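The structure appears right after this line, and notes come after that.
In this text, all values refer to a predicted model and were calculated from it rather than measured experimentally.
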Amino acid sequence: MSIVKNLSVSPEASNLWYSQDETDLFKEWLSHRVREVRSQLRNHSALLGQECVTINAAAILGLEKYLSPELTEEYKDRRLALQRAVLSEHRWHRALRIPHSGRLAMIS
């Protein structure tokens, strides 16, 4: 057994999580990047596939799920299915009272 110190009541607590302003800035930046990438894809869609125009994968890394409303919906559906699978597996482990951490790690 180990005892974990409650860091949320320590003097450093304010440094543990992002402030609301920081979270809002992250969301604003993400929205801006999504609009920018979608705009670039619209502007260059006719030229994609030709040798002269390519999209830098690093420019859209992490934004793939936002490239279209359909991809966003697919991402959300997959994430929900994964969460359900992990929680179902966890409930099964608890019901059997047998630790199956390897199996849970594989499913998640």
Taking only residues two or more places apart in sequence or in another chain, which ones pass side-chain contact (heavy atoms from CB on, under 4.5 Å) with Arg91?
Leu87, Ser88
Flag if over 12 foreign heavy atoms under 6.0 Å of CD, Glu22
yes
side-chain contact (heavy atoms from CB on, under 4.5 Å) partners for Arg35, two or more places apart:
Ser31, His32
Going by salt bridge (charged side-chain N to carboxylate O under 4.0 Å, His left out), name the residues that satisfy it together with Glu74, two or more places apart in sequence or in a different chain.
Arg78
Just so I know, are the side chains of Leu80 and Gln83 near enough to count as touching, which here means a heavy-atom distance under 4.5 Å?
yes
The reported gap from CD in Glu28 to OG1 in Thr23 (rounded to nearest 0.5 angstrom) is 12.5 Å
When you compare the side chain of Leu30 with that of Phe26, does any pair of heavy atoms fall below 4.5 Å?
no
Applying ring-ring contact (aromatic ring centres under 6.0 Å, His included), name anything that partners Tyr75, two or more places apart in sequence or on another chain.
none
Side-chain heavy atoms nearer than 4.5 Å, only ILVMFWY residues, links allowed to pass through others: does that put Leu71 and Val34 together?
yes
Who are the side-chain hydrogen bond (donor to acceptor under 3.5 Å, both in side chains) partners of Gln20, not counting sequence neighbours?
Asp24
